[in-house]
Amino acid sequence: SNLREDVIAQGADLAIRVGALDDSSMTSRGLGHAAIGLMAAPAYVARAPAIADPDDLQRHDWVVAAPLRQIRLTHRETGERYNQPLWGPALRGMVNDVELAGELASAGNGLLYSPLWACAPQLERGELVLVLPQWKADAHEISLVWPQRNVPARVRALIDLLLAFAQSDTRLQGQIPAPNADNRNL
């Protein structure tokens, strides 16, 4: 779910959190990070106004994958920062499913600012391409959190399984297979 549920109130043994952790009373372990990318379908890039720098983004149609409602970019060489809310008349659609947002963007409906793992198939097939590759989006930390100090064996087994999976999955280290070098190691 994109909602940040109260783990204790819900009676959950374990949760996966994306982003900054608010509750320091919970035990946590880092799983990795979700690299974020700015992308569009090649057909959209070909017909839309040119994108030379982030200020050009305001003239474009957008597909928004909630809860990513703020674009944050850093220039790879100069360190210059760009922050802009993803709202306004150019909003073509907002969905709470990042994979659906990837499908909408690959159909040419506008720019997409999304976790790269969610769009890996479209990036691999060339249905989406990165826009403004000289700018890097902030990554979002992914963590496991749990309320118990004495973790039941079944929960410990799941924690160990998830940690092992995260270490072996390059998507949780910000790497997405792609047809060209510009799409790797983001």
Side-chain angles (χ1 to χ4, degrees), residues 2 17-22 28 30-95 98-99 101-143 166-186:
N2 286 331
R17 295 279 194 240
V18 179
L21 297 178
D22 299 330
S28 68
L31 283 178
H33 64 277
I36 309 296
L38 177 60
M39 60 202 93
Y44 177 82
V45 173
R47 75 171 186 272
I51 306 172
D53 62 58
D55 290 330
D56 295 333
L57 298 175
Q58 296 176 30
R59 301 187 331 233
H60 285 268
D61 294 332
W62 283 90
V63 174
V64 176
L68 294 174
R69 297 182 182 155
Q70 177 86 17
I71 187 169
R72 293 182 174 94
L73 301 172
T74 303
H75 194 278
R76 293 179 186 273
E77 293 178 12
T78 67
E80 178 185 354
R81 303 275 301 156
Y82 176 84
N83 296 301
Q84 178 68 39
L86 291 174
W87 294 104
L91 182 62
R92 294 281 308 259
M94 180 182 295
V95 296
V98 292
E99 291 174 331
E103 291 296 326
L104 291 169
S106 66
N109 288 298
L111 297 174
L112 176 64
Y113 182 72
S114 173
L116 293 174
W117 63 262
C119 300
Q122 294 96 330
L123 288 165
E124 290 170 356
R125 293 189 299 261
E127 296 168 5
L128 288 173
V129 295
L130 294 176
V131 177
L132 292 177
Q134 66 275 28
W135 291 79
K136 183 176 181 170
D138 294 345
H140 292 205
E141 295 302 316
I142 303 172
S143 305
Q167 290 174 353
S168 68
D169 191 324
T170 58
R171 295 172 298 179
L172 293 173
Q173 309 311 318
Q175 298 175 10
I176 299 296
N180 65 59
D182 289 339
N183 285 355
R184 292 200 178 109
N185 298 317
L186 300 167

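The figures that follow rest on heavy atoms only: side chains count, while hydrogens, waters and symmetry mates do not.
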Passing candidate, side chain to side chain contact (heavy atoms under 4.5 Å, CB included) with Tyr82, options Asp55, Leu132, Asp53
Asp55

The reported gap from CH2 in Trp117 to NE2 in His33 (rounded to nearest 0.5 angstrom) is 14.0 Å

State whether the side chain of Arg47 and the backbone N or O of Gly108 hold a donor-acceptor pair below 3.5 Å, judged by distance alone.
yes

Heavy-atom closest contact (Gly37 atom, Ala137 atom, distance)
N-CB, 4.4 Å

Between the CE atom in Met39 and the CG atom in Leu111, the distance rounded to the nearest 0.5 Å is 10.0 Å

Can you tell me how far the OG1 atom of Thr74 sits from the CG atom of Asp138, to the nearest 0.5 Å?
5.0 Å

On a heavy-atom basis, the closest approach of Asp61 and Asn109 is CB-O, 3.7 Å

Identify the heavy atoms of Ser114 and Leu112 that sit nearest to each other, and give their distance.
CB-CG, 3.6 Å

Among Glu80, Arg72, Arg76, Glu77, exactly one meets side chain to side chain contact (heavy atoms under 4.5 Å, CB included) together with Trp135. Which residue is that?
Glu80

Does a side-chain heavy-atom distance below 4.5 Å link Leu38 with Leu57?
yes

Minimum-distance pair of heavy atoms, taken over all atoms of Val45 and Ala40:
CG2-CB, 3.8 Å

Would you say the side-chain atoms of His60 pair up with the backbone N or O of Gly110, donor to acceptor, closer than 3.5 Å?
no

To check you understand the geometry: which heavy-atom pair defines the closest contact between Gly102 and Gln122, and what is its length?
C-NE2, 3.4 Å

As an exercise, state the distance from CD1 of Ile36 to CD1 of Ile71, rounded to the nearest 0.5 Å.
10.5 Å

Which residue is it: Lys136, Arg81, Gln134? I am looking for the one with a side chain to side chain contact (heavy atoms under 4.5 Å, CB included) to His75.
Gln134

Check whether any side-chain N or O of Trp62 sits under 3.5 Å from a backbone N or O of Tyr113 as a donor-acceptor pair, and report yes or no.
no

Minimum-distance pair of heavy atoms, taken over all atoms of Val98 and Pro115
CG1-CD, 4.0 Å

